[in-house]
Amino acid sequence: MKAVPIRAALFTLNRERLVKKLLPRSLVVLNANDLMPTNADGSMGHLQNADLFYLTGVHQEETILLLAPDASDPSQREVLFVRQPNEHLAIWEGHKLTKEQATAISGVKTVKWLSEFPVVFRTLMCELENVYLNSNEHQRADVTVGTRDVRFVRDCQKKFPLHCYRRLASLMHELRAVKSEYEIAAIKAACDLTGEGFRRVLKFVKPGMNETEVEAEFAHEFIRHKGQFAYPPIIASGANNNILHYNQNDQICKKGDLLLLDVAAGLGNYMSDLTRTIPVSGKFSRRQKQVYNAVLRIFRAQVAACVPGKTTKDLRLECEERTAKECVDLGLLKMSELKKQKSDAPAVKKFFMHGVSHPIGLDVHDVTYNHFKIQPGWVLTVEPAIYIPAEGFGVRIENTVLVTENGQLDLMADIPIEAEEIEALMAR
Ligand code: GLY
Ligand code: MN
Ligand code: MN
């Protein structure tokens, strides 16, 4: 499994698509993410700002991109600022990009050292009017930690209070929602690696094993292929199936229990998202299989329901309706309860309380707004579930799916999903 190599042409195209959305006399400034400190003198791994990556392909910290399509000096219409390499950095941190390398990665012809940023920026600010700055507008984000972009917005508005400031995030959300062919290939590669990890785990899981050992198996498979966990893995056995964001991953997997695995790989900056629920002993009980097959039917119907023109809320409402019907057949809900339920408090919420689909790409919960309508080129998850704490288990199934003009392409279609298929693979 190899990450799909990214060509500068993709980042150039992304910048061209962004520039088309700007007002005349505009300036865009985008900052890299901070290198976050640990308690002491260390730092955590650097996670590049996804928008900056989308427009440049550059991973390096402290990078700044400046776009000014109407600048009078053509060489300043696209400028990338990077840290200047020096001997000290080379000894302690290793190689930093040369200007030629930054151009080769991003396609940006004018690359300057970071120390030149203030002068170039001031020149352009004096010439231009509309300033697009970035912010985290993920609707579910709890934004309490400042970023380089947040600090830049504050400083910039203080120094230049009379410019017209605009939101870059809303434009980036529109652009990133529709995936290019390259991005689809990159997500598919991440999905394939996830499948390898899952197959490995199917051969490995046994009663008495700790959840953490299962996590280590996934980690081994992902890391040896240069991937990583796309998000903190959820390895939840028994009653833990029903804890939506469980990631303690430290309990013993017991015979007779189900093991819910919400685990997937990220590869070459693109993410995938998978959930499977498997029997620890290798065989589902009758009741477990009954619930599993109900969730699988909902999953199939929900994949087919992912069509252009709907919102993710439409998908959730459809899923709630399907799940409610299955819950009646499973004896979990009565028709009379459905009849008297209030529209803002559906009875099914007791057994299925989260959304069914979210966009995915550079981020696992990729940027979007709730009012956006699905378009061909969107990549979505489909993740129905039925949680039954009273019976000590829950089932969730999740794949990563591409929406096209003529239907859906399940990017995880080859990852085992049928109950019998899982049992057969576990028996080997
Ligand atoms: N694994 C995160 C999610 O399913 O949304
Ligand atoms: Mn998901
Ligand atoms: Mn998931």
Side-chain angles (χ1 to χ4, degrees), residues 47 50 138-142 176-177 179 187-188 190-198 201 211 214-215 218-219 221-222 227-237 240-249 258-267 269-278 292 295-296 298-300 302-303 305-306 311-316 318-320 323 351-368 370 372 374 378-387 394-403 408 410-413 415-417 422:
L47 178 70
H138 196 293
Q139 285 180 304
R140 282 166 44 186
D142 180 13
R176 283 175 52 190
K179 270 64 180 180
I187 296 170
K188 174 69 176 135
C191 290
D192 290 348
L193 180 52
T194 297
E196 294 305 313
F198 178 61
V201 160
E211 292 164 355
V214 180
E215 178 172 341
F218 275 112
E221 194 63 22
F222 293 172
Q228 78 278 346
F229 286 115
Y231 48 87
I234 299 173
I235 318 241
S237 63
N240 299 330
N241 297 170
N242 298 313
I243 304 175
L244 300 182
H245 288 164
Y246 177 82
N247 51 30
Q248 230 172 285
N249 303 352
L258 292 185
L259 179 62
L260 186 149
L261 304 164
D262 188 340
V263 187
L267 187 66
N269 287 83
Y270 281 85
M271 303 298 151
S272 64
D273 196 355
L274 172 104
T275 307
R276 290 291 183 270
T277 310
I278 66 171
Y292 188 92
V295 177
L296 188 55
I298 302 167
F299 167 83
R300 295 233 155 91
Q302 284 299 135
V303 170
C306 292
T311 63
T312 51
K313 182 178 174 193
D314 295 332
L315 295 176
R316 175 171 60 77
E318 283 178 43
C319 189
E320 285 174 2
T323 309
F351 302 100
F352 172 62
M353 58 298 276
H354 52 74
V356 67
S357 289
H358 57 81
I360 180 165
L362 286 171
D363 286 297
V364 179
H365 292 174
D366 218 18
V367 286
T368 186
N370 292 342
F372 276 9
I374 296 170
W378 273 42
V379 179
L380 285 167
T381 63
V382 177
E383 46 185 307
I386 295 178
Y387 305 101
V395 173
R396 178 161 77 249
I397 296 174
E398 173 176 28
N399 275 8
T400 300
V401 172
L402 167 69
V403 180
Q408 307 77 25
D410 185 341
L411 302 177
M412 293 180 155
I415 301 181
I417 196 165
I422 287 171

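Read the numbers this way: they start at 1 and go in the same order the structure lists the ligands and their atoms. Just so you know, these numbers come straight off a predicted model, no measurement behind them.
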Checking one value in my table: which N/O/S atom of E398 lies closest to the Mn ion (ligand 3)?
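E398's closest N, O or S atom to the Mn ion (ligand 3) is named OE1.
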
Have a look at D273 and say which of its N, O or S atoms is nearest the Mn ion (ligand 3).
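Going by distance to the Mn ion (ligand 3), the closest N, O or S atom in D273 is OD1.
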
Under 2.8 Å from the Mn ion (ligand 3), can any N, O or S atom of D262 be found?
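Yes, within the cut-off.
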
Using the rule side chain to side chain donor-acceptor pair (under 3.5 Å), only one of D273, T368, T312 pairs with H358; which is it?
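With H358 as partner, side chain to side chain donor-acceptor pair (under 3.5 Å) holds for just one option, D273.
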
Before you tell me yes or no, could you show the steps for E398 and D262 under side chain to side chain contact (heavy atoms under 4.5 Å, CB included), namely the whole-Å CA-CA distance, both residues' side-chain angles and the distance that decides it to 0.1 Å?
CA-CA 8 Å; E398 173 176 28; D262 188 340; 3.5 Å; yes

Is the ring pair F218/F222 parallel, tilted or perpendicular, if the boundaries are 30 and 60 degrees?
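Geometry flag for F222 against F218: tilted rings.
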
Looking at the rings of H245 and Y231, which for Trp means the six-membered one, are their centres under 6.0 Å apart?
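No, too far apart.
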
Using distance alone, with no hydrogens and no angle criterion, decide if R276 and N399 have a side-chain donor and acceptor under 3.5 Å apart.
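A pair is found: one side chain offers a donor N or O, the other an acceptor, under 3.5 Å apart.
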
For N240 and Q248, does a side-chain donor sit closer than 3.5 Å to a side-chain acceptor?
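Not at all, the side chains of N240 and Q248 share no donor-acceptor pair under 3.5 Å.
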
Name of the E383 N, O or S atom nearest the Mn ion (ligand 2)?
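Atom name of the closest N, O or S in E383: OE2.
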
I'd like to know if the Mn ion (ligand 2) has an N/O/S atom from H358 within less than 2.8 Å of it, counting both backbone and side-chain atoms.
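Of the N, O and S atoms in H358, at least one lies under 2.8 Å from the Mn ion (ligand 2), which means yes.
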
Please name the pair of heavy atoms, one in V382 and one in S357, separated by the smallest distance, quoted to 0.1 Å.
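In terms of heavy atoms, the two residues are closest at CA-OG, 4.0 Å.
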
Would you name the heavy atoms of I187 and G361 that are closest together and state the gap between them?
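Where I187 meets G361 most closely, the heavy atoms are CD1-CA, 4.0 Å.
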
Nitrogen or oxygen contacts under 3.5 Å, ligand 1 side and protein side:
| unit_1 | atom_1 | unit_2 | atom_2 | d |
| --- | --- | --- | --- | --- |
| ligand 1 | 1 (N) | D262 | OD1 | 3.1 |
| ligand 1 | 1 (N) | D262 | OD2 | 3.3 |
| ligand 1 | 1 (N) | D273 | OD1 | 3.3 |
| ligand 1 | 4 (O) | D262 | OD2 | 3.3 |
| ligand 1 | 4 (O) | D273 | OD2 | 3.1 |
| ligand 1 | 4 (O) | E383 | OE1 | 3.1 |
| ligand 1 | 4 (O) | E398 | OE1 | 3.2 |
| ligand 1 | 4 (O) | E398 | OE2 | 3.2 |
| ligand 1 | 5 (O) | H358 | NE2 | 3.0 |
| ligand 1 | 5 (O) | H365 | NE2 | 2.6 |

